[in-house]
Every structure is written in structure tokens, then in C-alpha cells.
Amino acid sequence: MTLKIAIFSFAHMHAQSYAAAIAANSGAALVGVWDADAARGQAMADLYKTTFYASERELLAQGLDGAVVASENVHHRRLVEMAAEAGVKAILCEKPLATTVANARAMVDYCAARNVKLATAFPCRYSPAFQSLLQKVQSGAVGKVLAIRGANRGKAPGGWFVDKALSGGGAVLDHTVHAADLNWLLLGRNAAEVYAEIGSEFQHAACEDTGFLTINYDGGVFATLDTSWSRPKNYPTWGDVTIQVVGTEGVIDADLFAQNLVCYDGAAGTASWSNWGSGTDTEMIADFLRLTAGEDTPRLATGEDGLRAVQIALTAYESAAMGQPVPVAAAAMRD
């Protein structure tokens, strides 16, 4: 059976790699796309040889098996719930799952009530470097884990990403959720408390581009995270994801995007990094298609995983506003 998959919005840049992965999978067909920006939607439909639908409901009427939501963050809940109500079997939602804890929880509950499988787009889970790190930590290679130092830095993406009305937040919401999800896999513990320092020291814009977090986990383990849009426009790549795990028996470092070639453009006078190796988006989409087909996909992040990560990111904002550590559960209750 060929799975009928649709993409709702190409607002997020990852949507194009998702579309390419779906189109290249022999078990699936990209039957259509919708986008609030009709010109962009038509261009993407032409590029991936599918149909553009001007109405979300018209696309949902095509008898979809699965849907990918890659809109501006503020529209995630509406589109996910529309797809679930229409009987779509599985939905992959771009991160962050929502801009508030209440909306993220509502999305999880809405899909569960309709027996719809909700997944969160966390492709870093599929990095070979992270998978190797996870296996070593779980096998006890570093002994008892004491701390994690993480970084998810990048260039300021501009556009709707820096418009709080559409994004819900800047670098802290955009990047914290990735690291929070990886920490969950490494520790298997809930975050208890977050302390954060947040600012706009690079772009001096309304949306923050700087975030430094300390996350205390149940059992006494802590993690630090640099989640800043700190890379200048002429930096050779968009950013990085690095993790250092400190344990009683050793330390392990992982660089999730170290597989790259350095390309020097003499005409432009620039240098850039061209990544090679495993395609994390491609592997994540393959798992999503398995989920849509009814198979077990233990590596694919669930809606609950997305909710857990959003709770940490939004607690960071409250901590920064109060100038003190804030319990994660208490911040979520005040959402």
C-alpha cells in the first residue's frame, strides 16, 4: 500500500527536506501541499511534482494517511487538530510542538482521544554521533552521569522566527527543545528546575537571540545549555549541536554535525561547510512513514516528548523574567 502523505505549510525550512524524503520513499506519495502563502505553496508543489491546495480542508478531503505540519509555530495546534479531526492516522509536527504548555498538552490529548499518533520532529535523535553517545552512556561507559554540557547555536534565521506573534519566542524556544529532548534520552529523568539568562545581545531585536540555561534534573544531575543565535552571517555553517556527558568514570564528547567538507569559493571569497553522512531528516521521515503504516517506531519522538521539551523551554523564559530558578511543574501550571 502506498501511503498518502501531505505537508501543511513550508514556512519552516525543514519542510523541503521532509518533502524530498517523502517523494523519494517508494512506500509513500506526497499527494498534496497546503500553504497560507499561495505563491510559496504552488512553487513547492511544482518542485516536488504534486498538487497545491488553497484550502486546508480540501487537502484533508483527499483521504490522507499521514500529515506533516511545518507552519509557523503559532499555527501548529490548529493544523494538528484539523488533521486529527479529519481522521489522519499519524501527524508529524515541527518543533517546538506549541508556543504554550497548555496548547501542547491540548494537542497531545486531542490526538490521543481520536487514536491519532502524534510525533514531534526531533531529527537530532537520528544522528549517528548521538546514537553512539547514547549507547555508551546506557552501557555504563562513563559510570554514573553527573552532568551534561550542551550547545545548540546557530545563525538568527530572521523572518517569522523573530516575530513573537508567530514564533512564540526566539532562540530559547527554537533551540532549547532539541537539547532538552536529547537530555531526556540520555538521562531518562524529568527536569525539576530551570535557571536561565536571556537577552538580545547580537541582533538587538525584540526577539531574544541569547540564552544560557542550567537545568536541574530529578536525582541531582544537572545540565547546562547554550541556546543562542550567536553565529554571524559569514559563519561557514548554520550552527552546531554538541554534547558533553560527564560521569564518575569518564567524559564523552559528541559533535552531531562534524561530518562536513570545507568548501572555499574563490569567486565569492567565502568558505562554507558542506555536510555529508547520514541524513537525519530522511531517517526521521522513514520512521514517521512506518508509524503511519502502523509499525512500532521507538526512536521517533512522540507528542509527549514534544510537550516535555516545551515545558523546559517555557520555564526558561519565566526564570529569566523572575531572575531566579523556577520549578518546571510550577511554571507549567501557570501557563
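Only heavy atoms go into these numbers, but all of them, side chains included; no hydrogens, no water, no symmetry mates.
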Could you list the residues that satisfy ring pair (Phe, Tyr, Trp, His ring centres under 6.0 Å) with Trp184, not counting sequence neighbours?
none

With sequence neighbours excluded, residues passing side-chain contact (heavy atoms from CB on, under 4.5 Å) with Pro123:
His178, Thr280, Asp281, Met284

Can you sort out the partners of Ala171 under side-chain contact (heavy atoms from CB on, under 4.5 Å), two or more places apart, ordered by chain and number?
Trp229

Ala98: side-chain contact (heavy atoms from CB on, under 4.5 Å) partners, not counting sequence neighbours:
Asn103, Ala104, Met107

Can you name the salt bridge (Lys or Arg N to Asp or Glu O under 4.0 Å) partners of Lys4, sequence neighbours left out?
none

List, by chain and then residue number, the residues other than Phe212 in its hydrophobic cluster (Ile/Leu/Val/Met/Phe/Trp/Tyr, side-chain heavy atoms under 4.5 Å); write none if there are no others.
none

Can you run down the salt bridge (Lys or Arg N to Asp or Glu O under 4.0 Å) pairs that involve residues 184-205, sequence neighbours left out, and say none if there aren't any?
none

Expected list for residues 78-86: side-chain donor-acceptor pairs under 3.5 angstrom, two or more places apart:
| residue | atom | partner | partner atom | Å |
| --- | --- | --- | --- | --- |
| Arg78 | NH1 | Glu56 | OE2 | 2.7 |
| Arg78 | NH2 | Glu56 | OE2 | 3.4 |
| Glu81 | OE2 | Arg77 | NE | 2.9 |
| Glu85 | OE1 | Tyr110 | OH | 2.8 |
| Glu85 | OE1 | Arg114 | NE | 3.0 |

Any side-chain donor near an acceptor of the partner, Thr242 and Asp240, under 3.5 Å
no

Can you run down the salt bridge (Lys or Arg N to Asp or Glu O under 4.0 Å) pairs that involve residues 115-125, sequence neighbours left out, and say none if there aren't any?
Arg125-Asp181, Arg125-Asp305

Pairwise salt bridge (Lys or Arg N to Asp or Glu O under 4.0 Å) hits with a residue in residues 132-149, at least two apart
none

Does Asn115 have more than 12 heavy atoms from other residues, nucleotides or ligands lying within 6.0 Å of its CG?
no

With Glu72, which residues qualify under side-chain contact (heavy atoms from CB on, under 4.5 Å), at least two apart?
Ser9, Ala11, Arg40, His75, Trp160, Leu166

Ring pair (Phe, Tyr, Trp, His ring centres under 6.0 Å) partners for Tyr48, two or more places apart:
none

State, yes or no, whether a side-chain contact exists between Tyr235 and Lys155 at a heavy-atom distance under 4.5 Å.
yes

